[in-house]
Amino acid sequence: MQLIKQAKTWAATIVGVSTLAIGMNAQAQVATYTIPVVVHVLYNNANVNTVTTPARIVGALNRTNQLYQGKIAAGVLDGMANLQGALSVEFKLAQKKPDGSATTGYEAIKPTPTTWATDAGSYIPNITAKYNWDSTKYLNIYVVEQVASNGMSGVAWMPSEQPNDPAYNAVFIDYRAFGGAGDTIWKRYEAVLAHEVGHSMNLKHTFGHNGNTGVTCGNDGIADTPTTWGKYEQDVTVSTTLYACGNWTNVENVMDYTRTQTMFTKGQLAAVEQTLKGTTWSRNNLWTAANLTATGLAGASGGTPTALTSGVSQSVNLASASQKLYTIAVPSGTTSLNVNLSGGTGDGDIYTKFGSAPTTTTYDLASNGSTNTEAISVANPSVGTYYVLVDAYAAVSNASLVATVNKAPALLSGVAQSVTLAQNQSKLYSITVPAGKTSITVALSGGTGDGDLYTKFNQAPSTTVYDQKSDGNTNTEQIIINTPQAGTYYVMVYGYAAVNAASVLATVK
């Protein structure tokens with residue numbers, strides 16, 4: 001089979017982006033922009049539809065999300081990991097059609113004429129006029145039998161290029177270049193979708209609009225992408241660093257033509273965010289709450305929550321885009337809360353929030369990789385109820401959800417415990433006090449360093465919230481609690497400076 005390649009000369013004229021001197025701070029990893037996607041598979045040969053499986057569609061979107069969210073390790077080849085950006089965006093299969101009925105977010109179509117599938121690039125206005133779902137509400141992606149006879153793997157137009165002609169508001173990908181991590185034959189094309197979506201979000205090639213890859217120097221108008229002539233690779237060869245146009249080339253950039261695309265720069269993603277906030281082609285409507293509701297992607301509550309018991313596994317089975325809500329009670333004296341999703345098949349993500357149900361856009365912590373292996377750890381959690389939302393980015397089968405509440409180890413009266421801490425590290429203990437006791441003495445001694453003691457009844461103390469403290473300049477500290485209440489006292493040893501081989505001893509009388 002002839003190898004598919006991206007054309008050296010871009011089929012669509014890309015204009016209208018001025019140089020952007022954009023700030024280089026990475027974006028916070030919160031799913032701020034959820035973009036509803038519909039994938040139309042246009043085919044003449046039935047094998048095209050067979051190959052473009054739901055798993056492959058989800059894999060391609062997952063890889064695209066990872067690239068935009070800065071989750072792929074970069075800099076191995078070109079040493080430019082410091083340029084890598086991260087944008088809080090998620091391209092997600094729509095769950096409602098324009099008429100409000102349910103959908104999987106993709107459809108297979110054998111068009112008439114069939115040349116719309118075999119030479120799609122020549123008929124884009126015709127195709128989008130007939131098959132686009134409302135492009136002010138959905139990002140339309142077409143997987144076709146062939147984009148063009150020259151072997152081009154994808155094509156897309158920039159909003160600034162055709163601002164008054166939404167007929168070009170779509171992304172077209174050759175089915176052989178449509179895939180995500182894990183594909184075997186087509187793995188080297190796993191960033192093509194992200195590349196073409198980049199054009200639809202106003203990104204040029206790094207070597208510029210009129211650049212001839214590997215020959216002519218150019219730039220994309222983005223401040224932190226080096227002027228380059230880019231690097232072109234037709235097949236599976238591995239990129240190496242390239243010095244051209246007075247710069248080392250960012251060969252791992254998604255908007256280059258390499259097969260080692262792992263990153264966008266901070267400036268590129270700032271430009272994408274600018275586009276998402278713009279009115280051209282109604283990009284600013286895609287991610288609104290009203291549109292997410294209309295397309296079936298609004299953050300759901302996950303139904304009536306199911307209570308989790310610490311350390312006890314719950315089996316999770318969810319259809320794609322569905323959700324399930326859980327709760328876990330966190331008592332006083334908890335040192336950490338760990339939430340883990342693992343096993344089974346699919347792609348489940350987890351979101352946590354204290355005191356109220358999270359959504360995929362409103363949460364305290366999230367773990368949303370491309371598999372069912374997800375983990376969240378909350379250090380020194382608040383006392384009360386934490387909510388856990390499992391969101392099936394792709395259908396989840398036989399996964400396991402476990403929440404573990406880690407409590408402070410007990411100090412037994414008269415039994416010393418050895419303590420070693422790094423600077424600013426702390427360790428929490430609990431003491432159970434029966435009724436009728438007259439005093440508790442807590443002492444820290446021995447070893448080297450500077451450890452401090454803090455105590456509080458029925459609640460874990462901190463360096464600012466406590467009942468009593470002893471914070472001298474050594475490891476020799478003591479707290480005496482006279483006429484203690486019956487119940488649980490908590491003791492925190494805090495390493496003001498590193499503590500090595502000290503002993504903490506509680507004596508209840």
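Taking OH from Y387 and CG from L325, the interatomic distance works out to 7.5 Å, rounded to the nearest 0.5 Å. The distance from the CG atom of L61 to the CG atom of L139 is 9.0 Å, given to the nearest 0.5 Å.
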Output side-chain donor-acceptor pairs under 3.5 Å for residues 398-406, partner residues at least two apart or in another chain, one line each.
| from | atom 1 | to | atom 2 | distance (Å) |
| --- | --- | --- | --- | --- |
| S400 | OG | S313 | OG | 2.4 |
| N406 | ND2 | S336 | OG | 2.8 |

Going by atom type alone, with no hydrogens or angles, which donor-acceptor pairs under 3.5 Å involve a side-chain atom of residues 425-441 and a protein atom two or more places apart or on another chain?
| from | atom 1 | to | atom 2 | distance (Å) |
| --- | --- | --- | --- | --- |
| Q425 | OE1 | A422 | N | 2.8 |
| T438 | OG1 | K509 | O | 3.3 |

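Annotation: K353, atom NZ; neighbour count of heavy atoms from other residues, nucleotides and ligands within 6.0 Å is above 12.
Among pairs with a residue in residues 471-492, those fulfilling salt bridge (charged side-chain N to carboxylate O under 4.0 Å, His left out) read K469-D471, at least two apart in sequence or across chains. Within the structure, ring pair (Phe, Tyr, Trp, His ring centres under 6.0 Å) pairs that include any residue of residues 460-496 comprise Y454-Y466, F457-Y489 (at least two apart or interchain). Note on residues 445-464: pairs passing salt bridge (charged side-chain N to carboxylate O under 4.0 Å, His left out), not counting sequence neighbours, are K456-D467. The stretch residues 71-91 participates, sequence neighbours left out, in these ring pair (Phe, Tyr, Trp, His ring centres under 6.0 Å) pairs: Y68-F91.
Side-chain atoms of N338 and S377 form a donor-acceptor pair, as typed in the model, at a separation below 3.5 Å. Donor-acceptor pairing under 3.5 Å is recorded for the side chains of E273 and Y33. For T206 and N253, the side-chain atoms include no donor-acceptor pair closer than 3.5 Å. No donor-acceptor contact under 3.5 angstrom links the side chains of K71 and N62, judged on distance only. Looking only at atom types and distance, the side chain of T507 has no donor-acceptor partner in the side chain of S413 under 3.5 Å away. No side-chain N or O of N65 forms a donor-acceptor pair with one of E90 less than 3.5 Å apart.
The side chain to side chain donor-acceptor pair (under 3.5 Å) check on T279 picks up nothing, with sequence neighbours excluded. With sequence neighbours left out, the side chain to side chain contact (heavy atoms under 4.5 Å, CB included) criterion links I72 to R63, Q66, L67, T262. Under the side chain to side chain donor-acceptor pair (under 3.5 Å) criterion, N458 pairs with no residue, sequence neighbours left out. Here T104 pairs with Y106 under the side chain to side chain contact (heavy atoms under 4.5 Å, CB included) rule; sequence neighbours left out. Evaluation of the side chain to side chain contact (heavy atoms under 4.5 Å, CB included) rule for S315 yields N317 as partners, not counting sequence neighbours. In this view, T275 and P159, M201, N202, R283 satisfy the side chain to side chain contact (heavy atoms under 4.5 Å, CB included) rule, not counting sequence neighbours.
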* **Verdict with supporting geometry, T463 and M492, side chain to side chain contact (heavy atoms under 4.5 Å, CB included)** => CA-CA 9 Å; T463 57; M492 183 179 75; 3.9 Å; yes

* Decide yes or no on side chain to side chain contact (heavy atoms under 4.5 Å, CB included) for K324 and V316, but give the supporting numbers first. => CA-CA 8 Å; K324 176 66 177 171; V316 179; 5.6 Å; no

* **Evaluation steps, side chain to side chain donor-acceptor pair (under 3.5 Å), between K137 and T295** => CA-CA 8 Å; K137 296 181 178 181; T295 56; over 6 Å; no

